[in-house]
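Convention: sequence-line order gives letters A, B, ...; per-chain numbering from 1.
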Protein chains: 2
Amino acid sequence: MSGTRDAILDVVEELIETRGYNGFSYSDIAERIGIRKASIHYHFATKADAGAASVARYAERIEEAIGDALASPSPDYWAILDAYVQPFAAFADSGSRICLCGALGGEFGALPEPIQARVAAFFREHEAWLAQLFAAGRDDGAFAFAGDPIVLSKTYFCAFQGALMVQRATGDPSQLRDCMRSLTEALNSAA
Amino acid sequence: MSGTRDAILDVVEELIETRGYNGFSYSDIAERIGIRKASIHYHFATKADAGAASVARYAERIEEAIGDALASPSPDYWAILDAYVQPFAAFADSGSRICLCGALGGEFGALPEPIQARVAAFFREHEAWLAQLFAAGRDDGAFAFAGDPIVLSKTYFCAFQGALMVQRATGDPSQLRDCMRSLTEALNSAA
DNA sequence: GTCTATACAAAGATAGAC
DNA sequence: GTCTATCTTTGTATAGAC
């Protein structure tokens, strides 16, 4: 049992979401959880290890939340989409955080390779899942759009990742909401 | 005459676009232009100064390129939009760079305040300009979309900023292209 | 305007006691 | 598991010669 390990991951997650991977140090972590820098190395040998573990836990937690929603007998596609977006909307409300992977995307070239790989996988998996959702939802009649579900899923994902980033920077409280409205319309705009 | 000053700004720009603000040092700059670290301080007292100057120059260069396209007698709105997007598409082609301000958006909380301010202004200005373009283009009959031009401009801007980030991370060469296709359709999708 | 030399703090990491 | 102590390297910045 290691509550400290989880506490470290919690703090690392928050630090990356607010400051990026290269914007914090072991000192920052130590201060926030009230231990010494050296103690962190017991749980994570290197900063890259802590970062990679944080991204992995984040990605898995979100994937778990999505779960097998699409496998249910008669899915409510709009509800599934709402549930998917909700954790990301929480970032926008925070005023200081964005999606962990979106934050890392900005400094991609300066990330340790294992972190790069996990971030890239996150993007691919989420776009693929959205494409599945959109395709199934259109088959079901819940969504009505022309064109390739894959193309729409890419646009949807990129738009809300971008919206989180822009909303935090500008402070415009309706940035994400406005983008989501457009994207919702795109899902409703029959051929 | 200070060719060195411009050389420094060129390098800082490239370093931010590939690695983010906290992902490079005065050493990196010095190595690339073949001078000593200390010499950089003659041109920019602090790293924050160099960063702020780099963002300012970048933002002004792009604004200049946009110019007063909208003020011309009978503007070709599609051509103006293509010209606007082109420099950003070049980032996608590079495989390693993204928009300088998009890169900085990921580590926003770890940026010096003057840089934060300039990045936020960049986002606001570009969304406002796009909104103007979309509104005028619809009045002209070049574009056909329902809804608020401001809402569409936010979605457009966020989607392509996000697409640059995702394309670099995943290596998917059609990420930006697919997003642009969706967005183009949105501008053509009458009520 | 660029150099050498140096200061000073911070970062990531290790050794070994408790 | 956490501590103190320490090491090494790097990052940013300054002083002063050329």
Side-chain angles (χ1 to χ4, degrees), chain A residues 1-57 103-104 106-107 109-116 118, chain B residues 1-57 103-104 106-116:
Chain A
M1 95 134 207
S2 177
T4 301
R5 195 191 140 92
D6 288 328
I8 293 168
L9 289 178
D10 288 344
V11 170
V12 168
E13 192 172 315
E14 190 233 326
L15 285 167
I16 296 177
E17 287 166 1
T18 53
R19 306 180 54 85
Y21 178 77
N22 289 302
F24 74 94
S25 71
Y26 267 39
S27 272
D28 296 309
I29 304 171
E31 275 171 30
R32 300 194 192 208
I33 63 181
I35 59 172
R36 296 298 183 157
K37 280 193 302 173
S39 307
I40 302 169
H41 289 281
Y42 173 79
H43 301 278
F44 301 100
T46 68
K47 186 185 174 186
D49 288 337
S54 180
V55 184
R57 194 188 65 159
L104 293 171
E107 52 186 338
L111 299 175
E113 195 281 330
I115 297 185
Q116 289 187 336
R118 194 64 193 81
Chain B
M1 95 134 210
S2 178
T4 301
R5 196 190 139 94
D6 289 327
I8 292 168
L9 289 178
D10 289 344
V11 170
V12 169
E13 192 173 314
E14 190 233 325
L15 285 167
I16 296 177
E17 287 166 1
T18 53
R19 306 179 55 86
Y21 177 77
N22 289 303
F24 73 93
S25 71
Y26 268 39
S27 271
D28 296 308
I29 304 170
E31 276 172 28
R32 299 194 195 210
I33 63 180
I35 58 172
R36 295 298 183 156
K37 283 192 296 175
S39 308
I40 301 169
H41 289 280
Y42 173 80
H43 301 279
F44 300 100
T46 68
K47 185 185 175 185
D49 288 337
S54 179
V55 186
R57 194 189 65 160
L104 293 171
E107 51 185 339
F108 199 74
L111 299 176
E113 195 280 331
I115 297 183
Q116 289 186 337

Self-check item: Atom-pair distance (OH on A:Tyr42; C1' on D:dC3), nearest Å
Solution: 14 Å
Exercise. Please report, rounded to the nearest Å, how far the C1' atom of C:dA11 is from the CZ atom of A:Arg36.
Key: 16 Å
Quiz item: Would you say the side-chain atoms of A:Asp28 pair up with the backbone N or O of A:Ser25, donor to acceptor, closer than 3.5 Å?
Solution: yes
Practice problem: Rounded to the nearest 0.5 Å, what's the gap from CD1 on B:Ile40 to CD1 on B:Ile29? Could you check? | Solution: 4.5 Å
Self-check item: Distance, rounded to the nearest Å, where A:Tyr21 contributes OH and C:dA11 contributes P
Solution: 13 Å
Quiz item: Just how far, in rounded Å, is C1' of C:dA10 from CZ of A:Arg19?
Solution: 14 Å
Quiz item: Who are the side chain to side chain contact (heavy atoms under 4.5 Å, CB included) partners of B:His43, not counting sequence neighbours?
Solution: B:Ser2, B:Thr4, B:Arg5, B:Ile8
Quiz item: Touch check for B:Ser39, heavy atoms < 4.0 angstrom, all strands: base, sugar-phosphate only, or nothing?
Solution: base
Quiz item: Quick check: does any side chain N or O of B:Glu107 sit under 3.5 Å from a backbone N or O of B:Asn22, one acting as donor and the other as acceptor?
Solution: yes
Practice problem: Starting at atom CZ of A:Arg5, determine the distance to atom C1' of D:dT2, rounded to an integer number of angstrom. | Solution: 17 Å
Quiz item: When the distance from CG of A:Leu15 to P of C:dG12 is rounded to whole Å, what number comes out?
Solution: 11 Å
Exercise. Can you tell me the distance, in whole Å, between the CZ atom of A:Phe24 and the P atom of C:dA11?
Key: 11 Å
Self-check item: A:Arg32 vs A:Leu15 side-chain heavy atoms within contact, under 4.5 Å
Solution: yes
Quiz item: Counting N and O atoms only, with roles assigned by atom type, does the side chain of B:Gln116 sit under 3.5 Å from a partner on the main chain of B:Phe108, one being a donor and the other an acceptor?
Solution: yes
Quiz item: Has B:Ser27 got a side-chain N or O lying under 4.0 Å from the OP1 or OP2 atom of D:dG11?
Solution: yes
Practice problem: Using whole Å, report how far CG of B:Asn22 lies from P of C:dG12. | Solution: 11 Å
Enumerate all atom pairs, one protein N or O and one N or O from nucleotides 13-17 of chain C, separated by less than 3.5 Å.
{"unit_1": "C:dA13", "atom_1": "OP2", "unit_2": "A:Lys47", "atom_2": "N", "d": "2.9"}
{"unit_1": "C:dA13", "atom_1": "N7", "unit_2": "A:His41", "atom_2": "NE2", "d": "3.3"}

